[in-house]
Amino acid sequence: MKKMIYVFIVLVGLVGVAVTWVYNSHSGQDALFRQGLKTFMRQGPETFDGIRVVVCGSASPLGNDLTRAQACIAVITPEHFFLFDVGARSPLRISQARLPLDRLTGVFFTHFHSDHIAGVPDVNLASWVQGRKSSLQVYGPAGIDKVVQGFNDAYQLDHEYRIAHHGPDLLPPEAGPMTPQVFVPGEIVWQDNRVKVTSFPVDHAPVLPAVGYRVDYRGRSVVISGDTNATDSLFAAAENADLLLHDALSRTLLDPMIKTATDLNIPVMPTIMHDVIDYHADTTSLPERAARAGIKQLALYHMVPVPVNSVAEKMFVRGLPEDVILVKDLHRFELPANATGIHIHEP
């Protein structure tokens with residue numbers, strides 16, 4: 001027995017020496033780095049047969065939590081890759097999730113607040129560099145032309161520099177600028193023989209127009225609210241959907257923040273925090289209506305305010321049914337085609 005223990009200690013010691021050598025030697029570092037690159041850079045085809053939803057941004061501008069990017073939802077099928085809003089820092093989450101930017105089908109904006117559009121130039125550039133050969137199509141209601149033209153103008157010189165450096169064969173000039181696609185809320189925005197993306201109006205006044213989207217694919221459905229109060233138009237469009245990702249405001253967190261800022265005589269912030277109440281959905285207004293609409297899974301994103309720790313997260317969902325999900329960045333939902341289950345993967 002003592003001999004076995006001695007042998008075990010020796011083996012552990014040898015392993016420790018070997019690991020230390022690999023970690024500290026140039027050749028060991030090079031080998032580890034190359035192996036890591038193979039794992040990170042390998043891009044295989046989409047193998048999941050159904051809809052895969054990835055939360056690439058779950059935050060609103062109210063609050064400060066660097067673990068959360070601003071609003072962005074990715075919807076991926078074997079044939080499609082859609083992004084719904086692209087807020088600040090969300091391109092980092094898209095990269096972390098290793099989403100296939102080379103085959104990005106289109107970007108869909110719910111409205112034109114900065115926290116929903118600020119990241120789109122980075123996504124456009126990354127997908128162009130990674131192999132997209134045609135102009136990125138950016139869909140939105142009236143105003144999308146102005147937004148896209150502004151980004152194209154701002155990045156024109158950047159694109160010219162990159163084409164001159166890498167050559168037009170690698171970076172086709174026509175694929176650099178984005179192309180706006182305007183639609184009227186309520187229309188089918190994108191459709192082929194497998195997927196349909198339908199828009200519907202929401203209530204984010206004074207922001208007009210503002211829309212949400214429903215994606216239907218082979219018997220499965222996902223609804224993305226954008227920023228809105230709880231509205232009849234949304235729940236009508238979301239009837240019997242498998243997954244609803246809905247904007248959410250917590251009075252449990254916001255009310256004490258307003259009072260504290262007022263008591264401390266902090267300028268501006270109490271007014272701003274009070275103003276947001278009337279154009280975001282109160283958390284308590286959602287579960288019953290989602291249940292009546294036959295929605296299978298309610299998940300909350302674009303949180304107002306952003307819950308910055310576990311205590312705040314518990315306060316955010318206070319009074320809600322246990323099956324309501326408060327998403328985090330890189331939360332994943334997998335909906336197998338022509339089935340009923342939802343596989344949920346926490347980050």
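Inter-residue side-chain proximity for L254 and V276 is flagged as met; some heavy-atom pair is nearer than 4.5 Å. Side chains of E174 and T179 form no contact here, defined as non-hydrogen atoms less than 4.5 Å apart. A 4.5 Å side-chain heavy-atom check between D49 and R218 finds at least one atom pair inside the cut-off. Annotation: side chain of V317 is not in contact with side chain of E313 (no heavy-atom distance under 4.5 Å). For the pair Q70/P61, a side-chain contact is recorded, criterion being any heavy-atom separation below 4.5 Å from C-beta on. Side chains of V148 and Q181 form no contact here, defined as non-hydrogen atoms less than 4.5 Å apart.
No donor-acceptor contact under 3.5 angstrom links the side chains of H204 and D247, judged on distance only. Looking at D153 and Q149, their side chains do bring a donor and an acceptor atom within 3.5 Å of each other. Defined by atom type and a distance below 3.5 Å, a donor-acceptor pair is present between the side-chain atoms of D85 and T110. A donor and an acceptor atom, one from each side chain of D115 and H302, are located under 3.5 Å apart. T67 and D65 share a side-chain donor-acceptor pair at under 3.5 Å.
Around NZ of K296, the count of heavy atoms belonging to other residues, nucleotides or ligands within 6.0 Å exceeds 12. By the 6.0 Å contact criterion, CD on E346 is open, its count of non-hydrogen atoms from other residues, nucleotides or ligands being 12 or less. Counting heavy-atom neighbours within 6.0 Å of K133 NZ, excluding the residue itself, gives a total above 12. No more than 12 heavy-atom neighbours from other residues, nucleotides or ligands sit within 6.0 angstrom of CD on E288.
Listed for the R103 side chain is no donor-acceptor partner under 3.5 Å among the backbone atoms of G131. With hydrogens and angles disregarded, no donor-acceptor distance shorter than 3.5 Å links the side chain of T77 to the backbone of I51. No donor-acceptor distance shorter than 3.5 angstrom exists from the side chain of D102 to the backbone of Q130, with no hydrogens or angles considered. Without hydrogens or angle criteria, D227 side chain to H280 main chain gives no donor-acceptor distance under 3.5 Å. Checked by atom type and distance alone, the side chain of S225 never pairs as donor or acceptor with a backbone atom of G212 at under 3.5 Å. The backbone N or O of H80 sits nowhere less than 3.5 Å from a side-chain atom of T105 that would complete a donor-acceptor pair. In this structure, the side chain of R68 does not engage the main chain of S60 through any donor-acceptor pair within 3.5 Å. One N or O on the side chain of R220 and one on the backbone of T340 form a donor-acceptor pair closer than 3.5 Å.
The CD atom of Q297 lies 10.0 Å from the CG atom of D242; values are rounded to the nearest 0.5 Å. Rounding to the nearest 0.5 Å places OH of Y301 at 6.5 Å from CD1 of I224. Taking CZ of F84 as the reference point, atom CG of L245 lies at 10.5 Å (rounded to 0.5 Å). Atom OG of S135 and atom CH2 of W128 lie 10.5 Å apart (nearest 0.5 Å). Taking NE2 from H246 and OG1 from T283, the interatomic distance works out to 11.5 Å, rounded to the nearest 0.5 Å. Taking CG of L249 as the reference point, atom CG of D282 lies at 6.0 Å (rounded to 0.5 Å).
Linking Ile, Leu, Val, Met, Phe, Trp and Tyr whenever their side-chain heavy atoms come within less than 4.5 Å puts V147 and V86 in one cluster. Hydrophobic clustering, with ILVMFWY side chains joined whenever heavy atoms are under 4.5 angstrom apart, keeps F183 apart from V138. Residue V304 is not grouped with residue F316 when hydrophobic side chains (ILVMFWY) are merged at heavy-atom distances under 4.5 angstrom, including chains of intermediate members. Tracing side-chain contacts under 4.5 Å through hydrophobic residues (I, L, V, M, F, W, Y), one reaches V311 starting from V324; they form part of the same cluster. When the side chains of ILVMFWY residues are joined at heavy-atom separations under 4.5 Å, either directly or via intervening members, I73 and I117 end up in two distinct hydrophobic clusters.
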For residues 328-336, run the donor-acceptor check on the side chains, cut-off 3.5 Å, and write out each pair with its distance to 0.1 Å, sequence neighbours left out.
{"unit_1": "D329", "atom_1": "OD1", "unit_2": "S58", "atom_2": "N", "d": "3.0"}
{"unit_1": "D329", "atom_1": "OD1", "unit_2": "S58", "atom_2": "OG", "d": "2.7"}
{"unit_1": "D329", "atom_1": "OD2", "unit_2": "A69", "atom_2": "N", "d": "2.5"}
{"unit_1": "D329", "atom_1": "OD2", "unit_2": "R93", "atom_2": "NE", "d": "2.7"}
{"unit_1": "H331", "atom_1": "ND1", "unit_2": "K328", "atom_2": "N", "d": "3.1"}
{"unit_1": "R332", "atom_1": "NH1", "unit_2": "E334", "atom_2": "OE2", "d": "3.2"}
{"unit_1": "E334", "atom_1": "OE1", "unit_2": "H345", "atom_2": "NE2", "d": "3.3"}

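When every heavy atom of Y139 is checked against every heavy atom of G106, the shortest pair comes out as CE1-CA, 4.3 Å. Looking at every heavy atom in both residues, P185 comes nearest to P209 through CG-CB, 4.3 Å.
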Practice item. Could you give me the CA-CA distance, side-chain angles and deciding distance for L320 and L326, then say whether side-chain contact (heavy atoms from CB on, under 4.5 Å) is met? Key: CA-CA 10 Å; L320 302 184; L326 191 67; over 6 Å; no
Review point. Going through the checks in order, is the side-chain contact (heavy atoms from CB on, under 4.5 Å) test met by V189 and Y213?
Key: CA-CA 9 Å; V189 181; Y213 296 95; 4.2 Å; yes
**Study point:** Trace of the ring-ring contact (aromatic ring centres under 6.0 Å, His included) decision for F82 with F108
**Key:** CA-CA 7 Å; F82 304 121; F108 299 77; 5.4 Å; yes
Point to revise | Residue pair L99, C56: steps toward the side-chain contact (heavy atoms from CB on, under 4.5 Å) verdict | key: CA-CA 10 Å; L99 300 183; C56 297; 3.8 Å; yes
Check your understanding: Between F151 and N124, is a side-chain contact (heavy atoms from CB on, under 4.5 Å) present by the stated rule, with each step listed?
Key -> CA-CA 10 Å; F151 281 128; N124 181 50; over 6 Å; no
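In this structure, Q191 has no side chain to side chain donor-acceptor pair (under 3.5 Å) partners at least two apart in sequence or on a different chain.
Between F109 and F112, the two ring planes are perpendicular [angle over 60°; tilted spans 30° to 60°].
Taking the charged nitrogens against the carboxylate oxygens, R289 and D232 do have a contact shorter than 4.0 Å, which makes a salt bridge. K259 and D263 are joined by a salt bridge, as a carboxylate oxygen and a charged side-chain nitrogen come within less than 4.0 angstrom of each other.
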